[in-house]
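What follows is a single structure, written as structure tokens, with notes after it.
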Amino acid sequence: MKNRILCVLALTLLCGALLTTPVYAEVTQMTIDENITYQTMESFGTSGCWWSQYMGLWDAPYNNTGRTVRDQIATLLYDRNFGIGLTNYRYNLGAGSAGSGNGSYADIHRRAQSFETAPGEYDWSKDEGAVWFLQKVTDLGAKEVVLFCNSPLERLTKNGTAQMIQGQGKSNIDPENYAAWAAYCCDVAEHFIEMGIPVKFISPINEPQWDWYAGNQEGCHYEPTQIAGVYLAFLDELEARPKLAGVELSGPESGEWGGQTTRYVSALLNNQRLNAHFSAVDCHSYWSDTQSKISFMNWMKVQGHTQKIRMSEWCEMVNGSDFGMDSAIVLAKTLAEDLRVLNAVSWCNWVGVAPGGYHDGLMYAAENGAGNISLVPLKRLWSYGNYSRYIRPGFTRVSVEGGDDLSAVAFKGQEYGKNKLAVVLINDSIAEKPVKLNGSFSAYDSIVAYETSASRDLVKITERVSNTAFTLAPRSVTTIVFSD
């Protein structure tokens, strides 16, 4: 009996020891090969719809920061040290519904100004708030401004509004008005360039496959067979203006990578003149899974189209406000997929700021009465910054083997005379994840890691000269920067 008791006791102690011994997760091994290269990054950005026109007027002091509210917003988006260092800004070149009152809009902020007072005559004091942001982000370092239209000018549309009306056809502008519309957009572009705004693209069409019926926003539908005529009219006007040398057209701004997108892209690139002009194809990543992106890229290759890919608009399209890591990780994973599958050279979140109630803005901001304004930078802002602050224009994507579950991407480049390598890793699990980076890192003598997680907002968590083993926090986005 005594021996039996001793055996049971020994077995109990052994089992207890096994249960309390830490179970370590398997280390994810990744190999980075800087000799295998892909696309070169041009920009990360966001859009000024539909917030900049009124938030650009918020010039009250903000929380003893020494900045106004509008300064704080712009700084968080475009200042690299304090914010996330975006370099692309999409300015909404409105159709004029905000001035006319025409059409039906559930949200007045989705109306937009135009500068035109009569054909060829302009009031440049209009759209004051949005223009303030345009100038401010330029001062903060934006290098690439896109002027984009959701609809043609109201006076040029068939129904006199910037919205489609059911039963009135499949496009809201007649071909004979394309040239006048192009002239207006180019006049605005010239004015902004004279102000020092770096206008690089004009985008006349937005998500042409949707119907854009009244009640939502400015918008215009086009059949694939119609869009080449629009772009050719814009190209005629663009090429006739020496002041706009270097400005390109952007399009077709399809809302997704599947569906009718190949038909819209074909309408542009099958035209010899347009094919020669377009250096890139711009489309949006809404409702697009991995396979639709792979299929689109395979189609481009089979067709012999060599244009670069720019992802010019995306948000999660989910109702309800989110202040945490859930939507931040969705953004980061979508971005990583677009970089890896589409080889995107530019990537833009849909809106920089939103009033809440949706997974769209990088910040929530609202007036709470009596001049009080709430401004909440979101985890989405900081997870986006894990890319935009460290992967700079001119950086080239390099090969990463392993770590597919971490949506790993790596970019190398030179900055301020230093060679740099930025690696972004996403841990969407609820457990810590150890990783080991392998490669030829002897040229680098500084390694710094920055984390966005439930408890950190793009914060430096480690700095070292060697040791490429890291532990990723649960539900986090981490950027590891190598520098010489």
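Outside the 6.0 Å centre-distance limit, the rings of Trp58 and Trp132 are not counted as a close aromatic pair. In this structure, Tyr384 has its ring center under 6.0 Å from that of Trp347. Taking the six-membered ring for Trp and the full ring otherwise, Phe133 and Tyr91 have centroids separated by 6.0 Å or more. Aromatic ring centroids of His191 and Tyr122 lie 6.0 Å or more apart.
In this structure, Arg340 pairs ionically with Asp404, as a charged nitrogen and a carboxylate oxygen lie closer than 4.0 Å. Between Glu237 and Arg241 there is a salt bridge, since at least one side-chain N of the basic residue sits less than 4.0 Å from a carboxylate O of the acidic one. Lys126 has no carboxylate O lying under 4.0 Å from a charged side-chain N of Glu116, or vice versa, which leaves the two without a salt bridge. Using a cut-off of 4.0 Å between Lys/Arg side-chain N and Asp/Glu carboxylate O, Asp79 and Arg389 are scored as not salt-bridged. Residues Glu42 and Lys143 are not paired through a salt bridge, judged by the lack of any N-O separation under 4.0 Å between the basic side chain and the carboxylate. A salt bridge links Arg310 with Glu144: the closest approach of a Lys/Arg side-chain nitrogen to an acidic carboxylate oxygen falls below 4.0 angstrom.
Heavy-atom contacts from other residues, nucleotides or ligands closer than 6.0 Å to CD of Gln272 number 12 or fewer.
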Practice problem: Could you please spell out the steps behind the salt bridge (Lys or Arg N to Asp or Glu O under 4.0 Å) verdict for Asp326 and Arg475? | Solution: CA-CA 8 Å; Asp326 286 351; Arg475 305 286 290 161; 2.5 Å; yes
Quiz prompt | Residues Glu316, Arg380; criterion salt bridge (Lys or Arg N to Asp or Glu O under 4.0 Å); working and verdict | solution = CA-CA 11 Å; Glu316 192 180 355; Arg380 290 195 292 274; 5.6 Å; no
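Here the side chains of Glu256 and Gln209 are in contact, with some heavy-atom distance below 4.5 Å. Side-chain contact check for Leu342 versus Lys293: some heavy-atom pair is nearer than 4.5 Å. Inter-residue side-chain proximity for Trp314 and Thr334 is flagged as met; some heavy-atom pair is nearer than 4.5 Å.
Of the inter-residue distances, the one linking Ser203 atom OG with Asp282 atom CG reads 6.5 Å to the nearest 0.5 angstrom. For the atom pair CG (Asn298) and CD (Gln303), the distance works out to 11.5 Å, reported to the nearest 0.5 Å.
Each of Ile329, Asp405, Leu472, Asn386 was evaluated against Ile426; a single residue qualifies, Ile329, per the side-chain contact (heavy atoms from CB on, under 4.5 Å) test.
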